[in-house]
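Convention: sequence-line order gives letters A, B, ...; per-chain numbering from 1. Computed from heavy atoms alone, side chains included, the values below leave out hydrogens, waters and symmetry copies.
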There are 2 protein chains.
Amino acid sequence: MNLKELSAKLNLSQTTVSRALNGYPEVKEETRRRVLDAAERYNYLPNARAKGLATGRSHAIGHVIPISSKHEMVNPIFGDFIAGAGETYSKCGYEMLISVVEDEQAEEAYRSLKRRGVVDGVIVHGPRQDDPRIPLLQDLDLPFVVHGRASGLAPDYSWLDVNNRRSFQRATEFLLDLGHRRIALLNGLEAMDFAARRRAGYELALTERGINPDPGFEISGEMTEAMGYRGALELLDRPMPPTAFLVSSMISALGVRRALEERGLRMGADVSVITHDDALSYFTTGADVPLFTSTRSSVRDAGRQVAQMLIDRISMPDAPPQQVLLEAELMVGRSTGPAPAD
Amino acid sequence: MNLKELSAKLNLSQTTVSRALNGYPEVKEETRRRVLDAAERYNYLPNARAKGLATGRSHAIGHVIPISSKHEMVNPIFGDFIAGAGETYSKCGYEMLISVVEDEQAEEAYRSLKRRGVVDGVIVHGPRQDDPRIPLLQDLDLPFVVHGRASGLAPDYSWLDVNNRRSFQRATEFLLDLGHRRIALLNGLEAMDFAARRRAGYELALTERGINPDPGFEISGEMTEAMGYRGALELLDRPMPPTAFLVSSMISALGVRRALEERGLRMGADVSVITHDDALSYFTTGADVPLFTSTRSSVRDAGRQVAQMLIDRISMPDAPPQQVLLEAELMVGRSTGPAPAD
DNA sequence: CTGAAATCTCAAAGCGTTTTAAAATCTGCC
DNA sequence: GGCAGATTTTAAAACGCTTTGAGATTTCAG
């Protein structure tokens, strides 16, 4: 059933039917009812491609996910973020389009999405410092919102980020208050903007208390379980091991816990651990006291908001870019305690 | 730059240019070269909507992800599966479209995708027994491939599944061979087809060795960390606790480990654990002996294959449905050992 | 009644492709 | 030089919608 057939059935022109369906004012209320009823009855929905061709918009939003061929890593955060964004899209009548591409082809992917008119805008994931995608997208004139930020670039674009510097500063201060002096940082890849900000917060807290950050206590890498495990073991086996770990992801924190267990150390007593917690749905521990003390910020909620920001931006292209900074919550769990006496 | 402008620049008709670009034989080789060069130079790519409208296909594949409003869970497997499928789509020039919808709206989502012509086919995720989506899609005449299977339905549709019954049977036998007699099963939600098959395999192995499956040793639920933790604690606190756990997901297995640790039990010595491992990229433990003994099957690889099956199906609609059954590998790690003497 | 304003409806032109049916151009052979 | 047949190119018609500009019809003040 297409528009032509539907209007024939109703003895109306395609124009009138189209207007009735799209809520234009110049159609009598009774006619509109009749059209809406018939559309419902005949199960009519406008063809998306034809509509898109006529209106020049696709009502779709792209997410380009670069996969490095070296470390076939899918960010564990991805699923929850997508779920959040997807909720918003469903609500607003947008489609979500995901392109999984090799790292080096990301730029070409954006160009292609734009030129072929496949999407009305894109979300930028995992920004690095001076991320080249941002000027590229500005140049392409393709609306976008960044999940995160890219230091080093003019801030004239829309983004939503967690206050990473602040939250890691607070977490470090919390450990310092508990008497810890040797605090290790297991961070994400240095190139990622969020990792740099977290490190800055960590180092700031230390220097403000007169402690010189020890580069040997800072490890960064892909945030896997194994990275947490190996990183922790390596540091624990030093002559002067850390008494506390600040970890950038829940998954790596699980690796740290495994390392502690293996060395016969009790988490929260012998060694303290704070992790960043993206509130992933499959890691929620229910109502009781959480296992890990953490800086907590729901990535799903971020997805919801980022999607909404982009939709707003598409519908009002001339509005100034919007920036949102979320504060992470410090949740005290059972993985932290006073520093053991030396 | 559109086709009209491009052909004007070349002093050719749109037809010729279109044919040259799409590899039709009735165009002189020299002309084709000229066209291809110009397309490259002027950065021309055909508008996807217009092309779709003309050809009647969207070159997009839909994934409907139902989110239950009760337990806002995103399957942790999702990310890796999508990454695998996305690789195939990129290679074959398809777009991937994801719809996140409330559980009850899944049916309407499929109908809408079909009627609006948004996708050429869909992947069905997480099938249940007698899953109503399968007859629905057959009825809608929308090509689909199921990741998993739905027992109870005529098998005249395409699917790719892991041999869940067999792999859990083997895992159970492995534990029996190690002398375990009280083996608990921490399974996924009973309604899920894969969970039923795993249970069948587990019970089959037990009965074949003359052991009556104890329903009290079977727990099923959403496969979170907390579920593994609580389930294990509950069973461990019985007068006759299990000496081994068979767990349906890596994440829940981490919860089991936490429970063991809390009760002062050594995994692999006091209590054995086998988990199913979907080879999620962020849980790979590198080259060393894996922490968990597991039944292993890469869900990412499944994604790649399922996507290819669907693309094949779309291009050859009259070919008979295809079925693929993958065997999981039993990988022995450090979480299993001989049953302790009573 | 009349004529202007307000309301409703319509035919037709676009959106950027593919594809059909037909026309133009070439090739080789008598 | 002319003609059949093959090769290459073309104009125009879809595809299914929105939107423009204009034509009907109704309403109502004067």
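Applying the salt bridge (charged side-chain N to carboxylate O under 4.0 Å, His left out) definition to pairs two or more places apart or across chains, those involving residues 47-65 of chain B are B:Arg57-B:Asp120. Applying the salt bridge (charged side-chain N to carboxylate O under 4.0 Å, His left out) test to every pair with at least one member in residues 121-139 of chain B, sequence neighbours left out, gives these pairs: B:Asp131-B:Arg133. For residues 142-154 of chain B, the pairs satisfying side-chain hydrogen bond (donor to acceptor under 3.5 Å, both in side chains) are B:Arg149-B:Asp161, B:Ser151-B:Asp193, B:Ser151-B:Arg197, with sequence neighbours left out.
For A:Thr88 (side chain) and A:Arg304 (main-chain N/O), a donor-acceptor pair under 3.5 Å exists by modelled atom type. At least one donor-acceptor pair closer than 3.5 Å links the side chain of A:Ser90 to the backbone N or O of A:Gly86. Remark: the backbone N or O of B:Ala20 is paired with a side-chain donor or acceptor of B:Arg32 at under 3.5 angstrom. Side chain of B:Asn75 to main chain of B:Ile77: a donor-acceptor pair is present (N/O by atom type, distance under 3.5 Å, no hydrogens or angles). A donor-acceptor contact shorter than 3.5 Å is absent between the side chain of B:Ser158 and the backbone of B:Gln323. Put simply, the side chain of A:Thr31 never gets that close to the backbone of A:Val27: no donor and acceptor are under 3.5 Å apart.
B:Arg57 places its CZ atom 19 Å from the P atom of C:dT17, with the value rounded to the nearest Å. Between the C1' atom of D:dT26 and the CD atom of A:Glu30 lies a distance of 14 Å, rounded to the nearest Å. Rounded to whole Å, atom C1' of C:dG14 lies 14 Å from atom CZ of B:Arg49. Residue A:Arg115 contributes atom CZ, which lies 16 Å from atom C1' of C:dG16 at whole-angstrom precision. Between the CG atom of A:Leu3 and the P atom of C:dT9 there is a distance of 15 Å, rounded to whole Å. Residue B:Leu53 contributes atom CG, which lies 12 Å from atom P of D:dT18 at whole-angstrom precision. Between the CZ atom of B:Arg116 and the C1' atom of D:dG16 there is a distance of 15 Å, rounded to whole Å. Between A:Glu26 atom CD and D:dT19 atom P there is a gap of 11 Å when expressed in whole angstrom units.
Between the axis at the start and the axis at the end of the helix from C:dC1-D:dG30 to C:dC30-D:dG1 there is an angle of 60°, using five pairs per end and rounding to 10 degrees.
Non-hydrogen atoms lying under 4.0 Å from DNA chain C are contributed by A:Thr31, all within residues 31-47 of chain A.
The line from CG of B:Leu10 to OG of B:Ser13 is 10.5 Å long, rounded to the nearest 0.5 Å.
Salt bridge status for A:Glu87 with A:Lys91: absent, with no side-chain N to carboxylate O gap under 4.0 Å.
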Would you list the protein and nucleotides 19-22 of chain C atom pairs, both N or O, that sit under 3.5 Å from each other?
{"residue": "C:dT19", "atom": "OP2", "partner": "B:Tyr24", "partner atom": "OH", "Å": "2.5"}
{"residue": "C:dT19", "atom": "O4", "partner": "B:Thr15", "partner atom": "OG1", "Å": "3.0"}

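One finds no side-chain N or O of A:Lys4 lying less than 4.0 angstrom from the OP1 or OP2 phosphate oxygen of D:dG16. For the pair B:Lys51 and C:dG16, the criterion of a side-chain N or O lying under 4.0 Å from OP1 or OP2 is not met.
Where A:Asn2 and B:Val27 each meet DNA chain D at their nearest nucleotide, the meeting point lying more 5' is that of B:Val27.
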